[in-house]
Structure formats: C-alpha cells, structure tokens
Amino acid sequence: MKLSARSPLLAVVLCLLAPFSFADPGTTADPGGGSQKEKVLHLPMRSAGPGSLDPILGSTVYDTRSCNYVYETLLQYKYLKRPYELEPLLLEAMPTTEDGLTWNFELKKGVLFHDDECFPGGVGRELVTDDVFYSWRRIVDPAYELKSWWLLKELIEGLDEYKEEQGKRVEAGGAFDYSAPIAGFKKVDDHRFQIVLREPVYRFMWILPMAKLSIVPREAVEKYGTGFSRHPVGTGPFLMKEDDWVTNQSMVFTKNPKYHPDFYPTEWMPEDEELGLHEAAGKRLPFVDRVEVTFFVQENPMWLEFQAGKLDYTQVPAENYLEAFHKRSQRLKKEFAEKGVVSHAVPLLDFIFRAFNMEDPLVGGFEPKQRALRQAIAMATDLYEFNSSFYNGINVIYDGMIPPGMDGYPEDGKGPITWAEADLERARELMVEAGYPNGEGLPVIDYYTSLSGNIPEQAELFKRQLAQIGVQLNLRLQNFAQLIEAVDKKKATMFSFSWSSDYPDAENNLALFYGPNEAPGSNHFNYKRAEYDRLYEQILPMVPSPERTKLLEKMRDMVMADTPYIGSMARTRFYVINPWLKNYKPDETFYNWVKYMDLDESARDL
Amino acid sequence: MWAYILRRVLYNIPVYLGIIFLLMAALRVNDPIWGYLGKNASHEAYAAMEKSMGLDQPLLVQFWDFTSGLVTFEEVDGVSRWKAGLAESWSDKGRPVGDLVGDAVWPSLSITVPALVLTSLISITIAILSAYYRGRLPDKVMMVSAVLGMSISFLVYIIFGQYWGAYVLNERIGGEFFAIQGYKSDEPGWWVTYCLLPVLISTIVTMGYDTRFYRAVMVEETGRDYITTARAKGATKRKIMFVHMLKNAMIPIITRIMITLPFLVMGSLLLEVYFGIPGMGRALLQAITTLDFPVAQLLVALFAGLFLLTVILTDVFYALVDPRVRLQ
C-alpha cells in the first residue's frame, strides 16, 4: 500500500471503488478464480482463437493445439525425446508391417469417449476399430470441404476410388455412404485392424500423430451436425463444454475423469534433468484439473499478463525480446532469473523464403539467363541483415529447404551451393549474364508479401538490397487471404512465404518442389523438373538410411542450383516460464503437451 | 407527420439495399476460399468449399438470399429464429452468426455507453465553463488540455494505461484492481475490474474533440439576439449561460450524441483488441481479416440499419421541433 501514502486522492478513489472491484479477493495464488484445491493452468494463445474443434476442419496451429486437448490420435510424439520419435497413444503398440504395405494396428482396450448426451444414457462408450475407419472416411466426405484430403490422397488402397464414387453419389443427390467397403480398411475385430497402402510410403507413420487424423465418435458428429465444431467429444485428457468457449476471448478445458491410463514419459534428454523435467516420470496423466486459455490478438497485454503472474508461460514477443534477454549471450536477464523464470529456445522446423514463380516469363524458367537472374537476386539478398534487423539475430540461416534437425540439413547450414551470404560483385556479374547489366532493360518486378507484423518493413529492406544491382521491386502488400490467392492462382511473380513442416522429415519440405504439387498445391514455386520428381518418388518408400540422406542432399542441391527461391531462414522461438509451471518443454512440432504440465503453487510465493 | 416519416423510411430502403450490395460486391473482390484452404489447397477442395460456402451462386442470388434473410424468420427446434442470424460463421465453424453478434453486443455496450455518458457529462461541463470564462486563463488551460488530449494517439493511452493503470498499480497494491485485459461478467465487481480502465481511456481521448465542439456551440450561442435581449433585460451572466443558452445549445449537442449511438453498438476496435473484450469491434475486425463474409455482412447490415434509423429519427426530431423542415 505504498501508493496510499504517496497519492492520497488516488487512495481515496481506490477505496471507494474497492467494494466493486477485486474480482477474486484473497486468491492471488489462483488468479483465474479457481478454488485453492484445484490446479488451474492459465495459458496464452497468440491469436483470436481456433476456427473449429472438428479435427478435419482445422487448418491453423491454433486449431491443432485446441483439438489436442480433447482428441487423440493413434500415435504421438515422445514428449521429451529429440530428435523426434513416435510412440503409441491410442494403440497398444507401434503398428507393424512386413512389406511396408499392410500395417497391423491394435487399439488399447478400455479407452472411453467423453461422457456426452450423444451416447445412450450420456455415458461415453469404448473406442473401437469402426471409429478409426469412420473418422478417416469423413476426410473424403465433401460435406467437410475436403480440407484434409491432401493427407490421405493416393495413400490408402481403395480410398481415392471410394472418394470418387461417393462424390458422384452426393453430386447426384444421394447420401454419403459411410459403410461402403474400402479395400485398404480391414477390420479384424473391435480392437484390431489393418491398413493397406497403395505403395509403401515412409511418411505414413508421421501423419498418424497429426490432429486431423484424430478419432471422433460418429454419434457426436451426427447429433451435433455443424455444431460439432464447437461441441467436441473425444477421448483426450480434457473435455470442453460448448459454453466454455467464448469467441474471441477464451476457452476452458476441464480434466477428463475417465481418461485412459497414460503416463509421464520415462525417457528424456540429458539436459532435461537440469530443469527437473524427468521428476514426474511414470506418473499418471493429466496433472491439472482445469486449463484456462486466453486469446491474445495483441502481444503487449500477453507480455504484461505473464509478468503479472497471470499466465504460466508465454512466447517472448519479438519487440520484448531485449527486455527479457541479453542480445549477445541470449541469456535471461537478471530481473527475470531472480523471479525463478526459466527460458526455452525452441528451434522451429521453418523454411522462410522469398520465392519466384517458375512459370513467370520474366523470373521463371530454366534457361541459363533466367537462372542467372534469379541467382543474381539471391546473391544480392543479405539474409544476415534481415536476421539482425528484424529477429535480434536469433534466427538460423541455412542453405536448402530442409530445416535444422532433419536428415538432409547441411552441416552448419552451409551446402555446396550457397546463396546465404550476399556478394554484390558476383550478383552484378550474374546480372550481366542474365542480359540486364545494372538492371538495364529489366522490368519492375511485382513482389507480393504480407501486411502483417514487420513484413512490410522487411519488404522495404529487400527492395533496397536489390536496388543495389539495379533490380526494381513493386511492393504488393496483401493480407493473408489475398497473398495466398495470388500465389495459388500463379499471379505472383515474386512473393514471400514460409513453410512450417507438418512432420519432422525432409520429405515434407521436398514435396514443395514436386511437380504434381504445383499451385494451388504446396509447390507454390511451380517448380517442375522431371529428374527431381523421379528422385522424390524414389525417396517416398525409403526409411532413413545413408542412401536416403544422399538422395535428399542431391535433391536439395538440385533445387539450390535452379534457385526458385531465396533463403532460407528458420525461426527460434523463445519461451519464458513462470517458476510454478512444472514439466513444460515447449515445442511447436506437436501440441499435446498440456497433459504433461503440472503446477507447484508453493513456487508462487518464492 | 406520419406521411413525412413514411417518406423518410421509403427513401432510405434503396439506400440500405445499396449499401449492402456494395458491401457484398466489395467483399467478393478477394476470394476467401484460398485463405481458408491454407497451404495444402487443391482445385477439388476449392470446389467443395465454394459450394459449401454458397459462393458458387451468382452475386445477385447471394444478395437476395442475404437480404431476404434479414426480414424472414425460420422455425428451428420449435423456436422462431431470425433467418439472417442462422447463417454459419466461416471462421468460427458451427456458430450461427446471430449468436456471435448477440454475444458481442453487451461487452461492447458495457464500455461504449458509460464512456459516452461520462464523456458527454464532462465535455459539456468543461465547454460551459470554458465559454463562461471565454478568453480568460481557465478557458485557455482547458482548451490547451483538450488539444493535448486529442494530439496523443489512442494507442499510446492504451499501452500506457495497461502498463501504469493496471500492471504497475496492481503490483503496488498487491491485488487486481484493474485487469490488464479480459472480460468476465459473472464475477462480482467485474465492471470496475474489466471495463472502467478502458472507459476512462476512451473518455480521455474523446473528451478533447467533444469539448472543443461543445464550446464552439456555446460560444456561437453567445452572439445570438436572444442573449443580447436577456442581457438588456438585466439577466445575470450565470442565468444567461445556464438557463437560456444551455437549453438552445442542446440541439446540436443532442444531434451529435444521437449520431454517435449506432457507433456504440459497434464497439471500440482498439480497446476491444488490446483489452481482450469480446465485443463487436473485435468481431468485425476478425471477420474482415479472415474474410468471414456471413459475419461481416450481418455486422455491416446491422450497423447500416441502425445508422439509417438514427438519421430518420433525427430528421423526425428536427421536424418535431422545427416545422419548416417538413416543408422543405
């Protein structure tokens, strides 16, 4: 109450208003209003919230994060292991195969869906094989906009044909038949089944932990219709009532009292011990009773809420980075460390680039002159200046499209062909080779980029850098929808984009240059080279091996030589964690980590 | 009078339809589907989504569907519901637009209405005092303060307000007097905790503009003939100001306040975004940035309707107090 002594007027005002305020008097240990006995997490979500809690309708990380509270997949990532490894979640054991085509699955017994009115008597029933098949069939139902179809396309025997048939049936006014047979879905019994692939594909394992392949009960989908998006019924560690989601504001999840036996991992990395991440090994999950998630459209209030102790952790906003960390050492500042705050640096599986439309008559094509123009632009681009100007120097700059931590990533980020460091002299020589000495005769290039954050400022820097070799850019600042439309319609001559890998295997990034994936698919560059496509098809069935790694490198360097993009950069995200939040190892490749989190309320008073 | 009202309403119907048509056409300049499909789009998924969103229909058909929905009701689960409100949000799947808008109105009003009342009371008082002391030190001080208040960005007030008014204050008193952000109307004392700080910030920012306007109105009134007459009759300055002048100055003041009313419903974009208040401003921003046509269309249709209604009411009000308006 130092304030009252200094500012009597303010003190009087506060006293008058006090009876109407202090929403949660005396419970500072639990700012969210929960009782002292309850363990309540207060977590931020840096967005206006998810768009849908129907796993197959979501497309953002916020949708995925939210779905992971209530839904589960057959496999999950090992929470503490790096590089990433998978383990069973709804399965008894990892799926097995002898030929890479037929995969055997066995579901855990006794896994129950959340209690909900959609079930007889309101009691959740056991998860069975038919639920898996039903959930995956929904992906090809046009009623769900085929948004997640790309995951299973040309993967499972008979699924593409089933989709075609049912699509025609729906078009003709019939109903989508969920019971029609699919050759690749073979039920053995209620807990065992087989999936038959069209061809052996290594990524099959990596898509199994993706939220879009979560298992949902048919009863809930049919009862709630479109409302299923806001009325999730899954098997996950938490459940959510419809009223607990306040649009544009918050979501509240409560512990699933019937959650199946699931335990804190017993494998970890050596560095995890220092942070005590191993201490809960073998304990039953989840640890907390309730999770309150607040949506933040702006970062400033999120940062203040963290400092006020009302959030258990937060990402460090770029503009507050130097408030929390020393720039050179990247160590947490004393004032934070003294409060017991710990920090985590999370390297993201990012591929941030500036791209060329390879079908564009000016910057595209494979002729030596066209290639020289792209290379000149790449050589004039100083990525290190971007890193220091906009990212406090914390991003990773690397050659190729394979982010750090994956097979095929060049040692120290430097490949045999490199454009990472600017060389203006060489860039000017390449401009001569391209037939545009000092930019003479080169038309102004339209550069499409996002309006959000500091991207417009980055575009200005890019424009200035290229002007040094006579390349003039016309900046076309767009919102996300406009930008992606321009790219998908192949209208953007040059554009900036980023790709966050769906799973930690280089194949996901190499698919970005596979010809058949051209726009509007993920090959936004419209890069088409028969030899590359052949190599891509060759690596699809291969499991990690030195031979596969060599092919990955070959493909990487092939693209580097053709230069359909300028890059690359991967972000490092910094998290700060308040001392009472336990067992949190931040990650942005998977999002089901809330069930591992715990609270130590005694640490609030330290 | 009724003929006049009917004429005003009929004039405004084509204006209203025109606004909606222009809005729908403007929204459709950009194709929202690619944005919704995200990074793994395909022509097939595009077609499926286009159909499910109804964007495969000609614009006129979409226009008719939407406008007819504004004036029709449909029975859902035995309850008659407004058809336009039944459309589903695209960015908030499974949520009828009517529910989304309905839920957002009260958080907005809980800030904008008190802010309007407070601003008007303070501004009118300052304006009267300023006019009373016209040209003297108190007038100058009040007007310089008003200009200063107007000159500083709204955003600066918000950021400083959140830091000093909430974060630092709470740290010092060891509790939560003003929330940094959030909105929980089911807690005791919630309005002070979650709304008072944004209301104060809004008041400080708006006060400058209003005070200057109201002062100008008051000063203009001081030159009128009836004031000269009152002076000649020996009325005191105070009586002239508060009895004669204030009454006449109320017409432009009420007009200004009435024109503000529709904006109250639409909330305050910046305050709602920074303070995490799930109001209409935030909903509209979210709808526009995500190209959520059903939400954006309904919000604008509501706003346009309210605005035109206010204009009609203002016209009627004028006609009531000044019969010459009807003749014109």
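Just so it is clear: chains get the letters A, B, ... in the order the sequence lines come, proteins before strands, and each one is counted from 1.
- By number of non-hydrogen pairs under 4.5 angstrom with chain B, the leading residue of A/Asn248, A/Asn517, A/Leu451, A/Leu146 is A/Asn248.
- The greatest number of non-hydrogen atom pairs below 4.5 Å with chain A, out of B/Arg282, B/Glu44, B/Glu50, is found for B/Arg282.
- B/Leu196 CG to B/Ser110 OG: the interatomic distance, rounded to the nearest 0.5 Å, is 11.5 Å.
- A donor-acceptor pair shorter than 3.5 Å cannot be found between the side chains of B/Glu176 and B/Thr193.
- Near-neighbour residues of residues 81-91 of chain B relative to chain A, defined by a heavy atom under 4.5 Å from a heavy atom of that chain, comprise B/Glu88, B/Ser91.
- Side-chain contact check for B/Val105 versus B/Met280: some heavy-atom pair is nearer than 4.5 Å.
- Proximity to chain B is limited to the side chain of A/His524, based on heavy atoms less than 4.5 angstrom apart.
- Top candidate by heavy-atom pairs under 4.5 Å with chain B, chosen from A/Asn479, A/Thr294, A/Thr247, is A/Thr247.
- Interface residue B/Asp92: backbone and side-chain heavy atoms are both found under 4.5 Å from chain A.
- Between A/Trp150 and B/Ser42, the closest side-chain pair of non-hydrogen atoms is not below 4.5 Å.
- A salt bridge links B/Asp103 with B/Arg95: the closest approach of a Lys/Arg side-chain nitrogen to an acidic carboxylate oxygen falls below 4.0 angstrom.
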Mind listing the side-chain donor-acceptor pairs of residues 154-168 of chain B below 3.5 Å, one per line with the distance, residues two or more places apart or on another chain?
from	atom 1	to	atom 2	distance (Å)
B/Tyr157	OH	B/Gly149	O	3.0
B/Gln162	NE2	B/Ile180	O	3.0
B/Gln162	NE2	B/Tyr274	O	2.9

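- No part of A/Tyr144 comes within reach of chain B, as not one of its non-hydrogen atoms sits under 4.5 angstrom from that chain.
- The greatest number of non-hydrogen atom pairs below 4.5 Å with chain A, out of B/Met53, B/Met49, B/Lys51, is found for B/Met49.
- Side-chain rings of A/Tyr62 and A/Phe295 stay apart, their centers remaining 6.0 Å or farther from each other.
- Among the candidates A/Gln298, A/Met302, A/Lys489, A/His231, the residue making the largest number of heavy-atom pairs closer than 4.5 Å to chain B is A/Gln298.
- Atom-to-atom distance recorded for A/Lys153:NZ and A/Lys163:NZ is 7.5 Å, nearest 0.5 angstrom.
- The parts of B/Ala283 that come within reach of chain A are both its backbone and its side chain, each placing non-hydrogen atoms under 4.5 angstrom from that chain.
- Heavy-atom distances place the side chain of B/Glu171, and not its backbone, under 4.5 Å from chain A.
- Annotation: maximal heavy-atom pairing with chain B below 4.5 Å, among A/Ile484, A/Asn300, A/Val487, A/Asp502, occurs at A/Ile484.
- Residue contact with chain B, scored on non-hydrogen atoms closer than 4.5 Å, involves the side chain of A/Glu171 exclusively.
- Only the side chain of B/Ser52 comes within less than 4.5 Å of a heavy atom of chain A; its backbone N, CA, C and O stay farther away.
- Results of the side-chain hydrogen bond (donor to acceptor under 3.5 Å, both in side chains) test with A/Asp54 over A/Arg138, A/Arg230, A/Lys212, A/Lys147 single out A/Arg138 as the only residue that passes.
- Considering only heavy atoms from C-beta on, A/Gln482 stays 4.5 Å or farther from A/Arg476 through its side chain.
- Contacts between B/Tyr46 and chain A at a heavy-atom distance below 4.5 Å are absent for every atom of the residue.
- Side-chain atoms of B/Tyr36 and A/Glu145 include no donor-acceptor pair closer than 3.5 Å.
- With a 4.5 Å cut-off on non-hydrogen atoms, A/Gln307 touches chain B through its backbone and its side chain both.
- For A/Ser522, the parts lying near chain B are the backbone and the side chain together; criterion is any non-hydrogen pair under 4.5 Å.
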If you apply the rule side chain to side chain contact (heavy atoms under 4.5 Å, CB included), what do you find for A/Phe176 with A/Gln166, and how did you get there? CA-CA 6 Å; A/Phe176 192 92; A/Gln166 295 304 316; 3.2 Å; yes
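- The contact between B/Asp31 and chain A is made by backbone and side chain atoms together, counting heavy-atom distances below 4.5 Å.
- Listed options B/Gly279, B/Ala48, B/Gly94 were ranked by heavy-atom pairs under 4.5 angstrom with chain A; first place goes to B/Gly94.
- Note on A/Ser250, A/Gly227, A/Pro301, A/Gly167: by heavy-atom pairs under 4.5 Å with chain B, the leading option is A/Pro301.
- Between A/Ala519 and A/Asn526, the shortest heavy-atom contact is N-OD1, 3.0 Å.
- If you measure heavy-atom distances from B/Gln286 to chain A, the contacts under 4.5 Å come from the side chain alone.
- Aromatic ring pairs are classed by plane angle as parallel below 30°, tilted from 30° to 60° and perpendicular above 60°; the pair A/Phe495 and A/Phe497 is perpendicular.
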With side chain to side chain contact (heavy atoms under 4.5 Å, CB included) as the criterion, how do A/Phe296 and B/Gln181 come out once you've worked through the C-alpha distance, each side chain's angles and the decisive distance to 0.1 Å? CA-CA 9 Å; A/Phe296 291 91; B/Gln181 66 84 45; 3.5 Å; yes
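- Proximity to chain B involves both the backbone and the side chain of A/Leu304, based on heavy atoms less than 4.5 angstrom apart.
- Under the 4.5 Å side-chain criterion, counting only non-hydrogen atoms from C-beta, B/Ile277 is in contact with B/Pro198.
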